[in-house]
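Single-structure report; data block below.
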Amino acid sequence: MSNIELTLSIIKPDAVERNLDIEIKEMFKNKGFSIVKEKKIQIEKSEAEKFYKVHETKPFYNDLCAYLSSGPIVVMVLEKENAVLDNRELMGATNPNDAEEGTIRKKYGISIDKNSVHGSDSVENAKIEIDFFFKD
Ligand code: CMP
């Protein structure tokens with residue numbers, strides 16, 4: 001049985017700033033993802049705080065929100081069989097130092113903060129995150 005899923009992907013400011021968005025989108029397409037929605041935006045820090053609310057008790061929360069709102073980002077809805085898990089595999093570990101060869105974070109990530117991409121961690125959170133950016 002097929003299990004087509006949607007997931008939310010964000011190309012973060014460090015990657016957009018280095019004009020890596022085209023290359024990163026190619027990596028998604030080469031792995032069989034369809035980009036069904038896409039927009040380039042810059043968000044306010046208050047919006048980043050809402051988006052990352054699950055992390056609000058973490059010591060890195062303030063820096064994380066300041067960073068996500070520091071420059072343009074590309075937000076996308078990706079579609080594919082098992083999109084949530086496959087996207088996490090393609091992104092690689094949160095810390096680029098721990099990421100496997102061939103992953104986006106290994107290739108382009110600079111640090112645990114500037115790790116080039118965000119991806120939803122579950123089907124449930126994917127729905128919430130897609131609504132956050134694409135609810136009309
Ligand atoms: P992301 O997948 O966007 O989700 C939360 C982000 O917090 C994560 O990627 C990292 O860029 C950032 N972050 C900063 N410090 C940490 C940490 N110690 N553990 C996990 N995530 C961190």
Side-chain angles (χ1 to χ4, degrees):
M1 237 179 64
S2 77
N3 182 41
I4 300 291
E5 292 173 352
L6 299 177
T7 192
L8 184 91
S9 171
I10 303 177
I11 305 178
K12 295 187 181 184
D14 67 89
V16 175
E17 184 181 80
R18 288 175 287 153
N19 295 312
L20 295 172
D21 40 323
I22 310 265
E23 276 139 276
I24 291 174
K25 282 192 266 180
E26 282 305 309
M27 286 180 80
F28 286 125
K29 289 183 212 161
N30 290 339
K31 283 281 177 185
F33 290 91
S34 304
I35 301 171
V36 296
K37 286 183 188 172
E38 158 181 12
K39 61 183 177 183
K40 189 176 189 175
I41 53 173
Q42 181 161 359
I43 60 172
E44 299 289 335
K45 188 171 179 226
S46 59
E47 293 174 281
E49 286 166 354
K50 270 184 226 151
F51 180 75
Y52 276 133
K53 196 160 172 41
V54 290
H55 294 300
E56 76 182 327
T57 58
K58 311 269 173 63
F60 55 83
Y61 179 63
N62 186 57
D63 286 349
L64 173 63
C65 298
Y67 170 61
L68 193 73
S69 56
S70 68
I73 56 175
V74 176
V75 287
M76 297 169 290
V77 177
L78 304 180
E79 183 182 65
K80 184 187 177 299
E81 184 108 348
N82 301 319
V84 172
L85 219 66
D86 285 2
N87 179 35
R88 293 185 70 76
E89 200 175 300
L90 179 57
M91 287 194 300
T94 306
N95 188 336
N97 289 333
D98 302 331
E100 305 267 347
E101 283 300 332
T103 63
I104 296 172
R105 285 166 170 166
K106 174 73 179 183
K107 204 164 175 198
Y108 300 122
I110 296 169
S111 65
I112 195 163
D113 303 297
K114 297 186 172 181
N115 62 357
S116 302
V117 279
H118 166 85
S120 310
D121 64 1
S122 65
V123 171
E124 192 189 4
N125 281 336
K127 287 198 183 84
I128 294 168
E129 293 185 353
I130 289 167
D131 270 3
F132 184 91
F133 283 109
F134 290 100
K135 199 150 194 144
D136 302 315

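Both counts, for ligands and for their atoms, begin at 1 and track the order of listing. What you see below is based on every heavy atom in this structure, not just the backbone, and it leaves out hydrogens, waters and symmetry mates.
- A 6.0 Å sphere centred on NZ of Lys45 holds more than 12 heavy atoms belonging to other residues, nucleotides or ligands.
- For ligand 1, the polar-atom distance check against Thr94 finds no nitrogen or oxygen pair separated by under 3.5 Å.
- The proximity of Arg88 to ligand 1, defined as any non-hydrogen pair under 4.0 Å, does not occur for either the backbone or the side chain.
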Evaluate the criterion salt bridge (charged side-chain N to carboxylate O under 4.0 Å, His left out) for residue pair Asp14 and Arg18; output intermediate values, then yes/no.
-> CA-CA 6 Å; Asp14 67 89; Arg18 288 175 287 153; 2.6 Å; yes
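- The residue Lys58 has no part lying near ligand 1, judged by heavy-atom distances below 4.0 Å.
- Considering Lys12, His118, His55 only, the shortest heavy-atom separation from atom 9 (O) of ligand 1 involves Lys12.
- In Ile10, neither the side chain nor the backbone holds a heavy atom less than 4.0 Å from any atom of ligand 1.
- Annotation: Ile112 places an N or O atom under 3.5 Å from an N or O atom of ligand 1; distance criterion only.
- The nearest non-hydrogen atom to atom 7 (O) of ligand 1, considering only Asp121, Val117, Leu64, Asp113, comes from Leu64.
- In this structure, Tyr67 does not count as a contact residue of ligand 1, since none of its heavy atoms falls inside 4.0 Å of the ligand.
- More than 12 non-hydrogen atoms from other residues, nucleotides or ligands lie less than 6.0 angstrom from NZ of Lys39.
- With contacts defined as side-chain heavy-atom distances shorter than 4.5 Å, the pair Glu23/Tyr108 qualifies.
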